[in-house]
Amino acid sequence: MLRIASWNVNSIRQRLPHLIEWLGDAAPDVVCLQEIKCLAEAFPTADIEAVGYNVAVHGQKTFNGVAILSKYPLEDVAAGLPGDDSDEQARYIEAVISTAEGALRVASVYLPNGNPVASEKYPYKLRWMDRLKARTAELLALEETFVLAGDYNIIPAPEDARNPADWVSDALFLLQSRAKFRELMALGITDAFRACEASPGHYTFWDYQAGAWQRDNGIRIDHLLLSPQAASRLHGCVIDKSIRGREKASDHVPVRCDLAI
DNA sequence: ATGCCGCGGCGCCCGCGA
């Protein structure tokens with residue numbers, strides 16, 4: 001069984017103690033991190049290698065930044081989402097994980113927020129989603145087992161928000177955003193959490209402000225998207241919600257699934 | 001209508017996040 005997780009840590013350097021403890025508790029084999037907020041040379045690679053993980057980083061100063069951690073060797077590492085050579089934001093990294101039972105491609109995805117909607121940030125989000133859709137179509141054509149794990153900054157449906165009415169004009173829940181996300185899913189990939197849990201009220205993000213955590217005013221925006229070959233091996237998916245209640249928590253919590261590989 | 005909170009940075013406010 002292979003355990004794969006996604007976690008937007010909101011600064012790896014601020015979250016390192018939480019990460020190390022959670023790696024021990026949750027025992028993931030592969031972890032996709034987002035918002036590491038540092039360059040590769042500032043990433044705490046040695047601390048993470050010391051607890052048994054290989055590390056691949058696509059860093060950026062101050063903002064964004066993604067990484068993949070793996071107990072198994074990382075091969076064919078590719079940083080950056082294809083489709084726009086002028087895009088300098090570090091939001092995508094891909095690698096192949098090789099185990100004795102077989103290989104699995106994994107991507108760590110940090111999809112643009114897109115707010116404010118009236119700014120250039122929203123069309124950037126939509127273009128980025130088009131590029132992700134194109135890359136996903138390429139990977140599907142290879143008929144590989146793959147997982148696109150990340151912070152998608154998309155609330156897929158009303159049941160994925162405590163107060164959906166608060167989000168109707170937001171880039172995370174705008175009809176155009178959700179339509180684009182549905183186009184991506186309609187290529188033939190599976191939302192691992194929704195494949196395992198039908199009930200509403202499961203969230204991965206609670207704002208630091210206005211007592212969102214205390215009021216359970218959350219949204220589900222971090223997703224593990226599986227190729228058909230991965231979905232057929234899915235054996236459960238959970239959100240590690242309790243992490244959010246700790247001191248100095250990230251505003252996101254990990255989501256993880258088990259694949260029979 | 002805005003800030004709430006937290007993060008990084010040639011930092012003592014500001015941009016950014018969602």
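Proteins get letters first, then strands, A, B, ... in listed order; numbering begins at 1 in each. Just so you know, these numbers come straight off a predicted model, no measurement behind them.
- The separation between A/Tyr122 atom OH and B/dA18 atom C1' is 14 Å, rounded to whole Å.
- If you take CD of A/Glu247 and P of B/dC5, they are 14 Å apart, rounded to a whole angstrom.
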Check nucleotides 13-17 of chain B for protein N or O atoms closer than 3.5 Å to its own N or O atoms and list the pairs.
from   : atom 1 : to       : atom 2 : distance (Å)
B/dG17 : OP2    : A/Lys121 : NZ     : 3.2

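- In this structure, the CZ atom of A/Arg162 is 18 Å from the C1' atom of B/dA18, given to the nearest Å.
- The separation of B/dG8 from B/dA18, taken at their P atoms, amounts to 14 Å, rounded to a whole angstrom.
- In a base pair of the Watson-Crick type (N1 to N3 plus N6-O4 or O6-N4) or a G-U wobble (N1-O2 and O6-N3), with each distance short of 3.5 Å, B/dC4 is matched with no nucleotide.
- When A/Asp151, A/Leu111, A/Val109 are each tested for a side chain to side chain contact (heavy atoms under 4.5 Å, CB included) with A/Gln34, only one passes: A/Asp151.
- Between A/Asp258 and A/Arg3, at least one side-chain N (NZ, or NE/NH1/NH2) sits under 4.0 Å from a carboxylate O, which counts as a salt bridge.
- Checked by atom type, the side-chain pair A/Asn115/A/Lys121 shows no donor-acceptor distance below 3.5 Å.
- Taking atom C1' in both B/dG3 and B/dC14, the straight-line distance is 15 Å, to the nearest Å.
- When only modelled atom types and interatomic distance are considered, A/Asn64 and A/Arg91 share a side-chain donor-acceptor pair under 3.5 Å.
- Comparing the same atom, P, in B/dG6 and in B/dA1 gives a spacing of 26 Å after rounding to whole Å.
- OP1 or OP2 of B/dC7 has at least one side-chain nitrogen or oxygen of A/Arg15 nearer than 4.0 Å.
- Straight-line distance from the CD1 atom of A/Ile36 to the P atom of B/dC7: 16 Å, rounded to whole Å.
- In summary, the aromatic rings of A/Tyr110 and A/His58 are positioned with their centroids too far apart to meet the 6.0 Å limit.
- Contact annotation: A/Arg13 reaches the phosphate of B/dG9 (side-chain N/O to OP1 or OP2, under 4.0 Å).
- Judged purely by distance below 3.5 Å, without hydrogens or angles, the side chains of A/Tyr152 and A/Asp191 never pair a donor atom with an acceptor atom.
- We find that NZ of A/Lys61 is positioned 19 Å from P of B/dC7, with the value rounded to whole Å.
- Here, B/dG11 and B/dC5 have their P atoms 24 Å apart, quoted to the whole Å.
- Relative orientation of the A/Trp213 and A/Trp206 rings is perpendicular, given thresholds of 30° and 60° on the angle between their planes.
- For the pair A/Arg215 CZ and B/dC4 P, the computed distance is 16 Å after rounding to whole Å.
- Comparing the same atom, P, in B/dG15 and in B/dC4 gives a spacing of 14 Å after rounding to whole Å.
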